[in-house]
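All values derive from a computational prediction rather than experimental measurement. Numbering of ligands and ligand atoms starts at 1, following listing order. In this chain, numbering begins with 1 at the start of the sequence shown.
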Amino acid sequence: MHRIASAALLSLTLPAIVSAQTPRAKNFNGAEALALTGRAVAFGPRPDGSPAIEKLRAFIRAQLAQRGCEISGDAFTAATPDGPLPMENIIARFPGKSGRAIAITGHYDTKKLENFVGANDGGSSTGFLLELAAVLQNQPRTDDIYLVFFDGEEALHNWSDTDSVYGSRHLAEKWNADGTNKRLKALINVDMIGDKNLKMVWDTSSSSALRNLVWDAADSLGYKQYFPREGGAIEDDHMPFLNRGVQALDIIDFESQNTFWHNAQDTMDKLGAHSFEVVGNVLVKSIKELEQQN
Ligand SMILES: [Zn+2]
């Protein structure tokens, strides 16, 4: 990130014939998401151009390979203030049958700072998406579900339109060209969602209907205190898609006293399994509701 400018409800309605053939969906497990985050963070600082980010890419791919999805890479060379840098978004697809699609996204790179491991900022989104993949595994889908691990969210130097969100800018352009953006019902980005004292920003940049759907889902699950309806305008990986007309939302806790944003204190001890589980349950419910929309 970023800049500020101003128990999964399992559907019990599956027909018996489906439930007989399909393993019951597992609940989103916050402890597993936290543990996966810890494994990503254990690679150390993971800025673009580092050996650690290469190891993390291999880890993400190896984990996804166990989760029954199609895996693809979106590799490109980013023009940065420090010169060209190789980057790669990693995309998991759980195929549906409607022709429509939903994307859940988050970044895996970390800001290049002294002793900065980005447990929450870069780590939590990575662990969260890997656990979400385990929930989606082997389940019948209406829409294609894409899980996108964005590279290059962080600015190399100072956040600007040309020095930030490299991966999401690249994929938004690619998906615009190949027609995927037109198939997207929604893109929901998660960032800094694992800190113990969770308080999401009501991001006024995001699409209002989608924001209401997700915040209403949180209310219905008893999570009102974590999803207050107050905030400001956030710039994050959802912006390149918003700018191309995709209904998009950012879910982020941007309270610096909770998140230790861009601070060497952003370490694993600040994170809590319950926070991951709150966000996981909200997104599993939101995905189901989006799939029921035409
Ligand atoms: Zn950041």
> Would Y146 and F94 count as a close aromatic pair, with their ring centres under 6.0 Å?
Replying inline: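 So the answer is no for these two rings.
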>> Using the ring-ring contact (aromatic ring centres under 6.0 Å, His included) criterion, which residues pair with F149? Sequence neighbours excluded.
In response: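 Not a single residue meets the ring-ring contact (aromatic ring centres under 6.0 Å, His included) criterion with F149.
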> Who passes ring-ring contact (aromatic ring centres under 6.0 Å, His included) against H157, sequence neighbours left out?
Replying inline: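 ring-ring contact (aromatic ring centres under 6.0 Å, His included) check on H157 returns nothing, list empty.
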> Hey, is there an N, O or S on D191 sitting under 2.8 Å from the Zn ion (ligand 1)?
Replying inline: no
> Of the backbone and side-chain N, O or S atoms of E153, does one lie nearer to the Zn ion (ligand 1) than 2.8 Å?
Replying inline: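 So E153 does not bind the Zn ion (ligand 1) by this criterion.
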>> Looking only at N, O or S atoms, which one in D121 sits nearest to the Zn ion (ligand 1)?
In response: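 This turns out to be OD2.
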> If you check every N/O/S atom of E154, which is the one nearest the Zn ion (ligand 1)?
Replying inline: OE2
> Any donor-acceptor pair under 3.5 Å linking the side chain of S205 with the backbone of I234?
Replying inline: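 Confirmed, S205 side chain pairs with I234 backbone.
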